[in-house]
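Just follow the structure's listing: the first ligand is 1, and inside any ligand the first atom is 1.
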Amino acid sequence: MLKDNISKVKERIASVCLKINRDPSQISIVAVSKGRPVEDIIEAVACGITDIGENRVQEAILKYNKLVTGKETNRQIVRWHMVGHLQTNKVKEAVKIFDLIQSVDSLYLAEEIDKQAAKINKIQDILIEIKTSPEVTKFGLNADAALGVIKEVGKFKNIYIKGLMTIAPPVKHPEEARPYFKILSGLLDDLNRQTILSMGMSDDFEVAIEEGAGMLRIGRAIFN
Ligand SMILES: *Cc1c(COP(=O)(O)O)cnc(C)c1O
């Protein structure tokens, strides 16, 4: 049951917050519904989920249209997050539906987002994706290049940088993900303290919370 899964996730968040004296209300949950039918999203929303994450633009548009058509209210209560790699040729569509694009990993992509957002008079909220692990297949900016790019992206008029995102590699024990989260939170030293850190998934979000995550992206723990 989705309802039980969501309760369990919230209990896990509450328990780690209690341990380290953080306020659980400061931590948001993005339910990552990739590969799941729109009915699951509707159910999750009925259970109090307000933020939905998708990793493919086409899939997100289909679900968005199903959810929004004839139900204008849902549009207001659900915020849509793009968490997967975004190709520049999909940006035009992406800016139409996503409230937060979490996977901005190059100046080039940011430039295209700025351009397309300007066309529809939107200030597009984004996160800068940082590659914190050396895996070759991973997208994201190298941590040492990040600050320079953030400065450049900050000049775009139709983009607002809300924070940073990273994907830790799959590990056997959640504790092994800690160094990757530390790299992301380490970048905060040079940034505004309001910066949101989007890190932590089903298997490792407790450790992410300990390292300062303000936004968790949770798929399997909710939808399985
Ligand atoms: C799928 C996905 C998640 C959720 O992963 P789970 O391990 O299922 O919680 C989070 N972030 C991104 C970028 C994803 O693609």
Side-chain angles (χ1 to χ4, degrees), residues 1-2 4-13 16 27-38 40-41 43-45 47 49-64 78-87 90-91 94 97-106 109 113 125-133 135-141 146 162-178 180-181 183-185 196-224:
M1 278 285 286
L2 257 169
D4 298 331
N5 289 349
I6 292 167
S7 305
K8 269 185 212 135
V9 165
K10 287 189 174 163
E11 278 165 29
R12 282 170 65 186
I13 294 171
V16 62
I27 297 167
S28 58
I29 301 172
V30 176
V32 182
S33 52
K34 62 182 181 214
R36 307 286 167 171
V38 74
D40 282 13
I41 297 179
E43 197 181 331
V45 169
C47 299
I49 290 293
T50 53
D51 292 77
I52 293 295
E54 288 285 338
N55 70 339
R56 292 175 54 229
V57 176
Q58 291 321 315
E59 185 179 336
I61 289 172
L62 285 174
K63 291 175 184 173
Y64 177 92
V78 180
R79 282 184 296 267
W80 293 81
H81 297 247
M82 174 59 179
V83 300
H85 180 63
L86 180 58
Q87 291 167 300
K90 300 276 168 61
V91 168
I97 66 161
F98 289 110
D99 297 288
L100 183 63
I101 298 176
Q102 298 207 8
S103 46
V104 178
D105 60 355
S106 71
L109 177 60
I113 292 172
D125 287 338
I126 65 156
L127 303 181
I128 300 287
E129 181 176 359
I130 309 291
K131 181 178 149 110
T132 49
S133 71
E135 284 173 66
V136 274
T137 52
K138 279 274 174 59
F139 297 104
L141 280 164
K162 295 200 88 171
L164 308 174
M165 184 271 251
T166 198
I167 306 171
V171 290
K172 276 214 190 74
H173 190 274
E175 192 57 42
E176 294 166 44
R178 192 181 300 276
Y180 308 106
F181 300 144
I183 292 174
L184 200 69
S185 56
I196 296 171
L197 298 180
S198 170
M199 58 187 193
M201 317 203 302
S202 295
D203 295 331
D204 57 19
F205 69 76
E206 280 101 338
V207 178
I209 291 171
E210 287 174 359
E211 294 303 328
M215 186 176 275
L216 313 172
R217 305 179 311 270
I218 303 182
R220 288 164 302 131
I222 289 175
F223 292 106
N224 269 0

> Considering only heavy atoms from C-beta outward, does the side chain of M201 approach that of V32 to under 4.5 Å?
Replying inline: no
> Does a sphere of radius 6.0 Å around CZ in R56 hold more than 12 heavy atoms from other residues, nucleotides or ligands, not counting ones at 6.0 Å or beyond?
Replying inline: no
> Closest heavy-atom contact between L184 and M199?
Replying inline: CD2-SD, 3.7 Å
> Which protein residues have a heavy atom under 4.0 Å from ligand 1?
Replying inline: V32, K34, V83, I167, M201, S202, R217, I218, G219, R220
> Between atom CG of L127 and atom OG of S198, what is the distance when rounded to the nearest 0.5 Å?
Replying inline: 5.5 Å
>> For a quick test of reading the model, state the closest non-hydrogen atom pair linking V16 to E206 and the distance between them.
In response: CG2-O, 3.8 Å
> Could K131 and D105 be called an ion pair, given the rule that one side-chain N must be under 4.0 Å from one carboxylate O?
Replying inline: no
